[in-house]
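See structure below.
In what follows, chains carry the letters A, B, and so on, assigned in the order in which the sequence lines appear, proteins first and then strands, with residues in each chain numbered from 1. Not measured: the values here are computed from a predicted model.
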2 protein chains.
Amino acid sequence: MRLTTKGRFAVTAMLDLALRESGGPVTLAGISERQGISLSYLEQLFGKLRRAQLVESVRGPGGGYTLARTVAEISVADIIVAVDEPVDATQCGGRENCHDNHRCMTHDLWTSLNATIFDYLSKISLASLVDNQKAKDTSVVQDQRTLRRTAACSDAIAGSNAA
Amino acid sequence: MRLTTKGRFAVTAMLDLALRESGGPVTLAGISERQGISLSYLEQLFGKLRRAQLVESVRGPGGGYTLARTVAEISVADIIVAVDEPVDATQCGGRENCHDNHRCMTHDLWTSLNATIFDYLSKISLASLVDNQKAKDTSVVQDQRTLRRTAACSDAIAGSNAA
DNA sequence: CAATAGTTGACTAAATTACTCGGAATTAGG
DNA sequence: CCTAATTCCGAGTAATTTAGTCAACTATTG
């Protein structure tokens, strides 16, 4: 289980898709424009998402992508696993390194840590993200002049980085 | 909050250190040998860990590294943050991209996801990892043929997290 | 048939990872 | 003082990943 910007792009794109698919297939060009992700990169990501059966495609004019399952049935973990490389069972396991106990122990400790994080992200569905998003949307509507939102966003991000 | 093999190396090395520092400073050469991580790479990682004040160094013969705090006061999140690059506040925040609501929303949604994972890893201390490790050691002594050790470890960690 | 979109594969620049090398500076022990 | 052990430090580097471009192709609508 790796957490990188690649996974974040995929989650962002899937969220955009989830928020719009009620109006029929969503084009990558649209997602690209709204989310500031290059079209070609999205093509790569959605190729993987499609092969992982998280989305379905409709070709031709009026086509685009739709979710292959309901928003409740797609988790953040699903998305990240779909776009991340297999990561292989580094060192121990694949190799012959696992001779002495200590090496194996630390490795499989990390493995279980990974598993815990994975479990955690498995429980976060696209549905819950969509709900959060919509809740925020209405709060914006309530006070259109709230320009501190941008600052708040920067702060939140800066905080998470510093943290 | 990124989760990469780099962070895993650092956690592994810190765990090795935690398990041995009772016998005085631990050399990087020793960690390198036991954990199969190159000495020079460890030097880089421990440079960051030292600057983050997670470890202290003793130079000269008989020198090495010791933990700068107790095992209970060092979390997995501390270690990962220390060795990972700041990652910068991609897109939103740094740039001027954060114009329309949607872009900012998805970004700051990801940010909160990051924060949640960070909180989670903040609660896993080196001490709890060391305990798990020692528990496994004794169970290995009790029954050398126990190959279910991996499963047991996962359970133990899942348990300590839930607690 | 023409335009719209997805599909695929090859390719690339930049960043990151993991590692090497060569040397400093520091200190314990002889 | 000398030497060996060790941390410290910076430059360099190969492999991988990220993020993106480009071009050709297929399917579908109108």
Residues Asp119(B) and Ser122(B): side-chain donor-acceptor under 3.5 angstrom: no

Sugar-phosphate, base or nothing in reach of Thr27(B), heavy atoms under 4.0 Å: sugar-phosphate

Tyr41(B) vs dA18(C): side-chain N/O to OP1/OP2 distance below 4.0 Å: yes

Touch class at under 4.0 angstrom, heavy-atom based, for Gly64(B) against every strand present: sugar-phosphate

Of Tyr65(B) and Gly60(A), the one whose closest DNA chain D nucleotide lies more 5': Tyr65(B)

Ionic contact status for Lys48(A) with Asp84(A), cut-off 4.0 Å: no

Lys48(B) NZ - dC9(D) P separation (whole Å): 14 Å

Nearest-Å distance for atom pair CD/C1', residues Glu43(B) and dA24(C): 12 Å

Phosphate-side-chain proximity, Thr5(B) and dT17(C), N/O vs OP1/OP2 below 4.0 Å: no

Under 3.5 Å: donor-acceptor pair, side chain of Thr5(A), backbone of Arg8(A): no

Sugar-phosphate, base or nothing in reach of Leu39(A), heavy atoms under 4.0 Å: nothing

Single-linkage hydrophobic cluster, 4.5 Å side-chain cutoff, Val58(A) and Leu28(A) together: no

Value in whole Å for how far the C1' atom of dC19(C) lies from CD1 of Ile37(B): 12 Å

Atom-pair distance (CG on Leu45(A); C1' on dT17(D)), nearest Å: 13 Å

Atom pair distance, as rounded to whole Å: CG in Leu28(A) and P in dT8(C): 13 Å

Residue mapping more 5' on DNA chain D - nearest nucleotide basis, Ser38(A) or Thr4(A): Thr4(A)

Pairwise 5' ranking along DNA chain C for Pro61(B) and Val83(B), keeping only the more 5' one: Val83(B)

Donor-acceptor pair, side chain of Glu21(A) and main chain of Leu67(A), under 3.5 angstrom: yes

Donor-acceptor pair (no angle test) under 3.5 Å: Arg59(B) side chain, dT26(C) base: no

Separation of atom CG in Asp84(B) from atom C1' in dT17(D), rounded to whole Å: 15 Å

Residue-phosphate contact under 4.0 Å: Arg50(A) side-chain N/O, dA5(C) OP1/OP2: no

Under-4.0 Å side-chain N/O to phosphate OP1/OP2 contact, Ser57(B) with dC8(D): yes

Heavy-atom donor-acceptor pair, Gln44(A) side-chain to dG20(D) base, under 3.5 Å: yes

Atom-pair distance (NZ on Lys6(B); C1' on dA15(C)), nearest Å: 11 Å

Whole-Å distance separating the CG atom of Leu42(B) from the P atom of dT6(D): 14 Å

